[in-house]
Amino acid sequence: MKTNKGTFIFQIALALYMATTIFDLSMFGYMNLFSLVSKGLRYFAYLLLIWKLIDDGCYEPRQLLKYGAGILVSLISYRFTGEKLLVFTVLFLMAITNVYFSDVLKVSLWTNGICVFSIIAACKVQLIPERFEAVRQRRSLGFIFSSIGSNFWLYFVLIYIAYRKEKLTAVEGVVLEGITYYFLVMTNTKSAFAIATAALLMAYLLKLWRGRQRGKRLFAFLIRHITFIGTISFCLLAFLWDKVQFVTTTMDCLLSNRIRLTYEAIQTYGLRLFGQPIEWVGGILGYSTEGKTYNYVDSSYMQIMLSYGIVIILILIIAYSLIGREIVKAHAWYLGLAMLFGAIHSTFDPQFLLFQYNIFLLTIGYLLTATKAERRRYLLGWKGEELKNGY
């Protein structure tokens with residue numbers, strides 16, 4: 001398929017954004033000149049997106065209303081939180097509406113893979129230092145925290161599954177699992193290993209399943225509602241933390257104190273409609289924690305609810321449910337599988353709103369299209385008779 005001008009501009013902007021944010025999470029990010037160049041390239045990516053939006057030309061009133069609503073929500077969020085992330089995310093969501101998602105997956109695969117393994121290679125030749133945690137026997141592989149490389153690899157696996165779909169071969173699966181195991185040995189990030197392995201196994205089960213009725217309803221339900229389930233589940237665990245001994249001890253221990261930290265954050269900051277500025281204090285290398293208390297909430301959904309507010313988390317839950325409905329109706333099971341496991345991972349880790357990891361967040365942009373036909377065309381690759389006949 002020939003790449004048009006708008007798609008090419010979007011791909012360049014996405015590659016620049018992903019590459020700079022990935023390298024910023026490595027030891028390269030602590031180099032002053034590199035950090036300055038990286039920030040400049042990111043703003044250049046934003047300018048490219050604005051150029052694309054202008055160059056795309058005429059928009060239907062319905063689409064302009066959707067764009068306006070997205071911009072308004074992001075600006076209100078910025079007013080209450082001081083965070084620019086949602087503003088720039090909405091810019092990407094607006095620009096993706098007429099770009100085939102398969103092209104987005106391809107760019108994210110290449111960018112993720114090249115950047116991650118370039119950082120690891122730079123670490124191995126001692127171009128950048130490596131952090132080693134003796135207690136947990138974890139290596140950072142050139143990143144500022146041990147789990148970052150593994151989490152990037154997890155999303156590489158999920159994107160690969162969504163891109164290759166039923167063409168995924170046994171050899172590819174073995175190679176992917178072998179590299180996944182390497183990250184486990186080096187970084188001891190068990191959650192990323194477990195989810196990547198489970199996703200690969202499920203991808204091969206899908207080949208055998210072939211859309212049979214058994215298990216279809218449950219699978220479809222999870223694809224549509226996993227973000228709601230993850231959010232409600234962690235809210236319930238946090239509510240029960242000081243009330244049920246099993247949650248206080250056993251569950252919290254299994255989840256590495258995630259429930260306790262979420263409970264304490266809710267008690268400290270409370271929940272607001274449009275969020276609030278919160279300084280999350282974690283264990284990132286080079287981050288000064290002197291005189292500060294560790295308060296980091298790992299669950300994406302709970303962190304979004306605390307930082308960005310109840311309105312934003314509800315918008316994300318509804319948007320993911322609507323995209324999930326499109327996926328289920330179209331029987332795009334491999335894309336659904338990848339998004340499902342990414343959303344499960346986000347229940348316990350903070351990558352959901354960061355599309356340098358979770359590229360599937362950008363599928364929300366297809367809800368901003370003027371018509372359902374355009375949404376199905378660009379998100380699912382439908383054309384011709386498929387669009388004419390609908391589902």
Side-chain angles (χ1 to χ4, degrees), residues 2-57 59 63-64 67-68 70-75 77-79 81-119 121-122 127-128 142-144 148 152 155-156 159 286 351-366 368 378:
K2 185 178 179 180
T3 302
N4 62 38
K5 180 182 176 183
T7 297
F8 180 72
I9 293 172
F10 184 88
Q11 288 175 320
I12 295 297
L14 179 62
L16 284 174
Y17 180 86
M18 286 188 64
T20 54
T21 49
I22 292 172
F23 273 97
D24 279 353
L25 290 170
S26 75
M27 298 307 296
F28 284 108
Y30 288 104
M31 300 177 184
N32 291 332
L33 180 59
F34 186 93
S35 180
L36 182 64
V37 171
S38 178
K39 186 176 182 179
L41 288 174
R42 254 196 314 280
Y43 276 93
F44 178 64
Y46 304 145
L47 289 175
L48 286 177
L49 294 176
I50 294 171
W51 176 27
K52 178 189 179 299
L53 287 168
I54 295 172
D55 191 65
D56 280 346
Y59 297 93
Q63 190 168 15
L64 289 175
Y67 282 3
I71 293 170
L72 179 61
V73 169
S74 68
L75 291 177
S77 173
Y78 175 68
R79 167 65 179 81
T81 67
E83 295 287 340
K84 300 175 184 176
L85 177 62
L86 280 186
V87 176
F88 295 132
T89 300
V90 167
L91 183 58
F92 272 94
L93 296 179
M94 290 164 58
I96 201 176
T97 53
N98 60 351
V99 177
Y100 285 100
F101 194 58
S102 58
D103 290 331
V104 175
L105 292 174
K106 187 190 303 183
V107 170
S108 61
L109 266 180
W110 279 103
T111 308
N112 181 318
I114 291 172
C115 291
V116 168
F117 285 103
S118 295
I119 290 166
L127 186 62
I128 54 175
F143 291 93
I144 59 177
I148 291 176
F152 273 123
Y155 281 96
F156 181 94
I159 296 166
Q351 287 82 28
F352 184 83
L353 209 54
L354 307 174
F355 59 89
Q356 62 265 40
Y357 292 95
N358 179 28
I359 197 65
F360 306 108
L361 179 71
L362 296 186
T363 59
I364 294 174
Y366 295 104
L368 304 179
Y378 291 109

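Computed from a predicted model, the values in this text were never measured in an experiment.
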side-chain contact (heavy atoms from CB on, under 4.5 Å) between L16 and F44, intermediate numbers included
CA-CA 8 Å; L16 284 174; F44 178 64; 3.6 Å; yes

Go through the steps to decide whether T89 and L353 satisfy the test side-chain contact (heavy atoms from CB on, under 4.5 Å), and finish with yes or no.
CA-CA 9 Å; T89 300; L353 209 54; 5.6 Å; no

Starting from the C-alpha separation in whole Å, work towards a yes-or-no answer on side chain to side chain donor-acceptor pair (under 3.5 Å) for T7 and D103.
CA-CA 8 Å; T7 297; D103 290 331; 4.8 Å; no

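Panel note: side chain T81, backbone S77; a donor-acceptor pair is recorded below 3.5 Å. A distance-only check finds a donor-acceptor pair linking the side chain of S108 to the backbone of L105 [under 3.5 Å]. A distance-only check finds a donor-acceptor pair linking the side chain of N112 to the backbone of F152 [under 3.5 Å]. A distance-only check finds a donor-acceptor pair linking the side chain of S26 to the backbone of F23 [under 3.5 Å]. Under the 3.5 Å distance criterion, the side-chain polar atoms of K52 are left unmatched by any main-chain donor or acceptor of I9. Judged purely by atom type and a 3.5 angstrom limit, Y378 has no side-chain atom pairing as donor or acceptor with the backbone of Y366.
More than 12 heavy atoms of other residues, nucleotides or ligands sit less than 6.0 Å from atom CZ of F88. Counting heavy atoms of neighbouring residues, nucleotides and ligands inside a 6.0 Å radius, atom CG of N32 does not exceed 12 of them.
Taking all atoms of both residues into account, the shortest heavy-atom contact from F143 to M27 is O-SD, 4.1 Å. Residue I159 comes nearest to Y357 through the heavy atom pair CD1-O, 4.4 Å, listed as atom of the first residue, atom of the second, then distance. Taking every heavy atom of both residues into account, I96 and G365 meet most closely at CG2-CA, 3.8 Å. Residues L14 and F92 come closest through the heavy atom pair CA-CE2, 3.9 Å. In this structure, A19 and T111 approach most closely via the heavy-atom pair N-CG2, 3.7 Å. Taking each heavy atom of I22 and C115 in turn, the nearest pair found is CG2-CB, 3.7 Å.
Classification of the Y17-Y46 ring pair by plane angle, with boundaries at 30° and 60°, yields tilted.
Note that CG of D55 is 11.5 Å distant from CG of L48, once rounded to the nearest 0.5 Å. Taking CZ from F28 and CG from L33, the interatomic distance works out to 12.5 Å, rounded to the nearest 0.5 Å. Residue T97 holds its OG1 atom at 11.5 Å from CG of L362, rounded to the nearest 0.5 Å.
Two residues are said to be in side-chain contact when any heavy atoms from C-beta on lie closer than 4.5 Å; F355 and Y155 fail this criterion. Between L49 and M94 the shortest side-chain heavy-atom distance does not fall below 4.5 Å. Proximity of L361 to F352: side-chain heavy atoms (C-beta onward) are separated by under 4.5 Å at one or more points. Side-chain contact between M18 and V107 is absent, with no heavy-atom pair separated by less than 4.5 Å. Between V87 and L91 the shortest side-chain heavy-atom distance does not fall below 4.5 Å. Proximity of N4 to F10: side-chain heavy atoms (C-beta onward) are nowhere separated by under 4.5 Å.
Just one of L25, L85, T21, I359 meets the side-chain contact (heavy atoms from CB on, under 4.5 Å) condition when paired with L354; it is L85.
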